[in-house]
2 protein chains.
Amino acid sequence: MLTPARCSINTATLGYKEPISKVIEQVARHGFGAIAPWRREVEGGDVVAIARQIREAGLSVSGYCRSSPIPTDSAATREAQYQENRRALADAATLGAACFVIVAGGLPRASRDIGDARAQVEEGLARLLVDARTLGVSIAIEPLHPMYAADRCCVNTLAQALDMCARLDPDHAGGIGVAIDAYHVWWDPDLAAGIRRAGSERRLNAFHICDWLVPTTDLLMDRGMIGDGVIDLSAMTNQVNATGFEGYAEIEIFSTRWWSTENEETLRVCADRLRTASGTSA
Amino acid sequence: MLTPARCSINTATLGYKEPISKVIEQVARHGFGAIAPWRREVEGGDVVAIARQIREAGLSVSGYCRSSPIPTDSAATREAQYQENRRALADAATLGAACFVIVAGGLPRASRDIGDARAQVEEGLARLLVDARTLGVSIAIEPLHPMYAADRCCVNTLAQALDMCARLDPDHAGGIGVAIDAYHVWWDPDLAAGIRRAGSERRLNAFHICDWLVPTTDLLMDRGMIGDGVIDLSAMTNQVNATGFEGYAEIEIFSTRWWSTENEETLRVCADRLRTASGTSA
């Protein structure tokens, strides 16, 4: 069974409606073991102080969200986005984050060439990987659901992300892996094999959970509270645990409904649902 | 370049707002070479007369849409849905359809077991394949976009559909293949390989085209007119043609916008766009 102590709250779940200092305090008070903040809450603030508050609250940082998009139609934008990602990586190191989450980006403006976008992602990550190793923070490629291929992320399956890791890090020197988000990959006929592979290749950096609602009324803002949808989170948690994954299961829910709920209530429901919906008798 | 004469109009594109007899006349008058009707337009009517009208209008039938869902939580429903599909297959034979399109169905009510749903699909298709061979109509498994995995179709990649064909028809006796719809598979990193495989295994029964809009505002009813979105239909058409596919490229657009447009205007735009958006210089 997942317990709050073995789980993390991705702050996106709370809709960024309170300052990060208050969110850290709330997450810790509800008994969660970790937090995953977003750049919008950190950049422009005192990163060292935020890191200290998180640490003193007894929380780990399961990940830091997330990269600027990589594919672009101009060299100047490419360089600017790389520099943004490099600075964010440094902040991830300061935060002691288990990984920096890569949401790769979609098609450049006016492009229909998804193969080119994917090649740009790989090239951009090769450069960022050098920084990741220097800073001692792993980058975690997050395959996003295929419905985001055009406008958010052209890495759309776990196999694709792992293949990319294999090409970028053929010698297993480390510094790169994947973030597996149940929402994005639950449908994949090759999911179980992909989780095993991520484990055996030692590239499972993060495990995100939420649920797929039926019906889903919005492509972005209608993700479900764990237990409210059709994903077999129990089976998936068992598969992830079977790889020896020692990180936190991180709850990340983009949802108009939950974003308009008080943080205290959302955190209470998250903790309750962990016990009932994602559990395993093992 | 695709021309109307080498293309088919799936009647879903026109929103079923005119009787099939009128739609047949409109599609033929605009110069298209084929039509793909839906059961809702055919069942309860005089199938033989519809088939005759289509033939006399000079149209081929590129496909007949579509199966009742296969996975279910009760034996009685399973039998009823099989009988529906068997009757529809017989109508497809009467229509002279190139294939009967299988939209497999999603999770049974209250189920979180997508593996079981997929097993039910395969079992159901094994039974239906016997009828398909008897009737001389091929069934075409259409992988649907992963965003429909829960509620419409648990077959979600071309590789998955082709693997299913391989298990159901290991000796290549025929009667089963796939329908490749650009909207559902354009994002797939393995798409080009999958199209080649469908061709070399002689299982490419249908090729559907429309476009993916950015942004997409609805999961079902916001598909794009060819040329209005980000799918490289030209490249995909070339890949399909390179397999030796001799069928029709079938335009199928579920869209609130186009369904509220006069059929004459929609057909005119379809014909125009074929020349500009899906063409190839080859």
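Every chain is numbered from 1 and lettered A, B, ... according to where its sequence line falls, protein lines coming before strand lines.
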Can you find a pair of side-chain heavy atoms, one from A:Met147 and one from B:Pro146, that are under 4.5 Å apart? no
Quick one, B:Thr157 with A:Trp187, criterion side-chain contact (heavy atoms from CB on, under 4.5 Å). Give me CA distance, side-chain angles, the key distance, then yes/no. CA-CA 10 Å; B:Thr157 68; A:Trp187 59 270; 3.8 Å; yes
Minimum side-chain heavy-atom gap B:Trp186-A:Arg112 below 4.5 Å: no
For chain A, the option from B:Asn156, B:Leu219, B:Asp151, B:Ile231 that forms the most heavy-atom pairs under 4.5 Å: B:Leu219
Report, as yes or no, whether the 6.0 Å neighbourhood of atom CZ on B:Arg167 holds more than 12 heavy atoms from other residues, nucleotides or ligands. yes
Which bit of A:Asp218 is near chain B, if near means a heavy-atom gap under 4.5 Å: side chain, backbone, both or neither? backbone
Under a 4.5 Å heavy-atom cut-off, does chain A meet the side chain of B:Thr216, its backbone, both or neither? both
Side chain proximity check, B:Pro189 to A:Arg118, heavy atoms < 4.5 angstrom: yes
Nearest-0.5 Å distance, CD1 of residue A:Ile114 to CG of residue B:Asp232: 10.5 Å
What part of B:Val214 gets within 4.5 angstrom of chain A, counting heavy atoms only: side chain, backbone, both, or neither? side chain
Relative to chain B, which of A:Ser111, A:Gly229, A:Gly106 shows the most heavy atom pairs under 4.5 Å? A:Gly229
Contact class of A:Asp188 relative to chain B, heavy atoms under 4.5 angstrom: backbone
